[in-house]
Asks: 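I'd like to ask you about the structure that follows.
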Number of protein chains: 2
Amino acid sequence: MKLEVQIIMNPSLYLRDPEQSELGKNIIKFSIQLIQKNGFEAFTFKKLAKAIGTTEASVYRYFENKHKLLVYIISWYWGWLQFQIDYQTNNITDPLVKLRIVIKILATNVEDDKMTSHVDESLLHQILIVEGTKAFLTNHVDKDNKQQLFQPYKDLCRIVSNIILECNPNYKYPHSLASTIIEIAHLQIFFMYNLPSLTDFNKTDKEDQILEYINNLVFSSITK
Amino acid sequence: MKLEVQIIMNPSLYLRDPEQSELGKNIIKFSIQLIQKNGFEAFTFKKLAKAIGTTEASVYRYFENKHKLLVYIISWYWGWLQFQIDYQTNNITDPLVKLRIVIKILATNVEDDKMTSHVDESLLHQILIVEGTKAFLTNHVDKDNKQQLFQPYKDLCRIVSNIILECNPNYKYPHSLASTIIEIAHLQIFFMYNLPSLTDFNKTDKEDQILEYINNLVFSSITK
DNA sequence: AAAGAATAATAGTATTACTATCATTTTTGA
DNA sequence: TCAAAAATGATAGTAATACTATTATTCTTT
């Protein structure tokens with residue numbers, strides 16, 4: 001028996017649901033590979049079509065444009081992370097332990113999850129580090145937001161902020177701290193690899209150090 | 001008598017120094033206006049040329065491409081902030097007070113500085129919030145970094161991290177905390193205006209709240 | 001007044017970001 | 001199982017972008 005996890009996506013993100021066909025799944029799979037490899041700016045539907053062995057026109061039947069496709073795969077990742085958090089903190093009662101687990105999920109590299117056949121979460125995590133904020137750092141963020149495109153991100157933040165409040169019901173900035181954890185984890189990983197003088201981490205024991213830094217930041221702030 | 005501050009820029013950023021001519025200064029001035037108004041993605045040299053009343057070819061004599069121009073204005077801002085920090089923390093001996101001033105400089109909106117005639121720092125700050133990370137979140141970050149394009153950002157972080165160490169010589173993550181302060185300030189401001197459910201701030205007393213949040217985060221972490 | 005530098009005017013190329021049309025293949029459901 | 005519908009492929013075309021090249025004009029400097 002093969003278990004498959006399916007993340008429910010906002011239909012505004014696509015024209016035709018990519019989960020419903022082989023071509024659709026290939027669009028997702030090869031997009032992740034190409035964006036991770038060459039970056040979002042260099043990514044075009046023409047190159048994607050060529051990699052898949054289909055035509056540009058066919059890709060356009062699934063996604064309006066490459067930005068929507070980026071938001072799709074990023075939202076997918078937020079949904080998947082939410083599932084990971086639910087799963088891995090299940091049955092844990094101590095909120096401090098829970099928060100520590102959550103931070104680990106948010107701040108360290110992931111392995112490919114075999115429960116999702118056409119998505120490589122490890123590549124996706126690398127995309128999130130470099131391209132994650134480009135989903136909303138646009139001049140049409142308002143329009144996108146009205147279409148609920150960022151709901152999975154908001155949901156994730158809400159879940160994390162609730163755990164923060166369990167740790168300290170009087171903490172004044174649970175949502176900001178949640179979004180801070182997520183974004184700082186990405187930025188510090190990026191800096192460590194690309195602009196190391198902006199961090200205090202070296203490439204041995206890398207993830208552990210970043211984890212320690214974020215844990216220190218978070219726990220000293222909420223337990224003070 | 002009119003005092004003018006001049007920020008020294010890395011010559012790799014431009015083909016012809018924009019400070020040395022009227023056209024060059026107009027390129028900077030109108031770039032800031034257009035990027036702030038429509039976002040970096042919608043910004044083109046053709047539109048810029050039209051706004052200035054010159055031609056695309058003339059703009060290309062100053063800057064290789066629009067990304068270099070973005071990095072130019074962003075670097076300019078880092079240089080200007082460094083000057084602000086030097087200036088505003090001069091003669092202050094208590095490092096905790098110093099750090100508090102630095103955080104305020106990094107995390108709140110700025111007013112247009114009359115000492116720099118063709119640069120509107122207030123607009124520039126808004127550009128930094130939305131486009132700042134796009135300077136380095138590219139697939140050519142390594143090449144750009146080797147050309148020292150991010151030196152002003154690194155210098156700024158080093159200065160801030162030194163102040164952090166003055167506060168607590170045993171603090172383990174001064175560089176990471178410095179880059180965290182800068183980036184989180186921008187992100188939280190962006191979220192507050194565009195995706196408020198990712199923050200705990202509302203639009204009254206906005207800057208004060210973000211400042212409080214960052215101060216809480218920083219000081220609880222380094223004084224613990 | 002001449003030389004040199006900067007700018008303007010214009011044109012052109014390759015790529016990107018799409019849209020449209022029509023033929024072919026695959027799916028489906030009566 | 002056969003016809004209709006849906007999905008895909010093949011091809012073409014457009015407007016905008018991101019440049020490069022060429023020549024004419026104007027502006028500076030000695």
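Order of the sequence lines fixes the chain letters, A, B, ..., with proteins taken first and strands second; residue numbering starts at 1 for each chain.
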Asks: As an exercise, state the distance from NE2 of B:H186 to CD of B:E131, rounded to the nearest 0.5 Å.
Replies: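 One finds 12.0 Å between NE2 of B:H186 and CD of B:E131.
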
Asks: Take B:L137 and A:F40 through the side-chain contact (heavy atoms from CB on, under 4.5 Å) test and state the conclusion after the steps.
Replies: CA-CA 10 Å; B:L137 292 178; A:F40 183 63; over 6 Å; no

Asks: I need a per-nucleotide contact map over nucleotides 6-23 of chain C, read 5' to 3'. Cutoff is protein heavy atoms under 4.0 Å; write B for the base, S for backbone only, - otherwise.
Replies: SBB-B-----SBBBB---

Asks: Would you kindly say whether B:S12 and B:Q148 are connected by a side-chain donor-acceptor distance under 3.5 Å?
Replies: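 Not at all, the side chains of B:S12 and B:Q148 share no donor-acceptor pair under 3.5 Å.
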
Asks: At what distance, to the nearest 0.5 angstrom, does CZ of B:F63 lie from OH of B:Y14?
Replies: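 Spacing of CZ (B:F63) from OH (B:Y14) equals 9.0 Å.
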
Asks: At a heavy-atom distance below 4.0 Å, which nucleotide of DNA chain D is the first touched by chain B, and which is the last?
Replies: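 From 5' to 3', the first and last contacting nucleotides are D:dT17 to D:dA21.
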
Asks: Can you list the steps and then say if A:S176 with B:Q188 is a side chain to side chain donor-acceptor pair (under 3.5 Å)?
Replies: CA-CA 7 Å; A:S176 288; B:Q188 293 293 319; 2.8 Å; yes

Asks: Check whether A:F45 forms a cation-pi arrangement with A:K66 (NZ or CZ under 6.0 Å from the six-membered ring centre, at most 45° off the ring normal).
Replies: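 No, A:K66 does not lie over the aromatic ring of A:F45.
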
Asks: Take A:K134 and A:T138 through the test side-chain contact (heavy atoms from CB on, under 4.5 Å) and record every step on the way to the result.
Replies: CA-CA 7 Å; A:K134 295 176 190 170; A:T138 67; over 6 Å; no

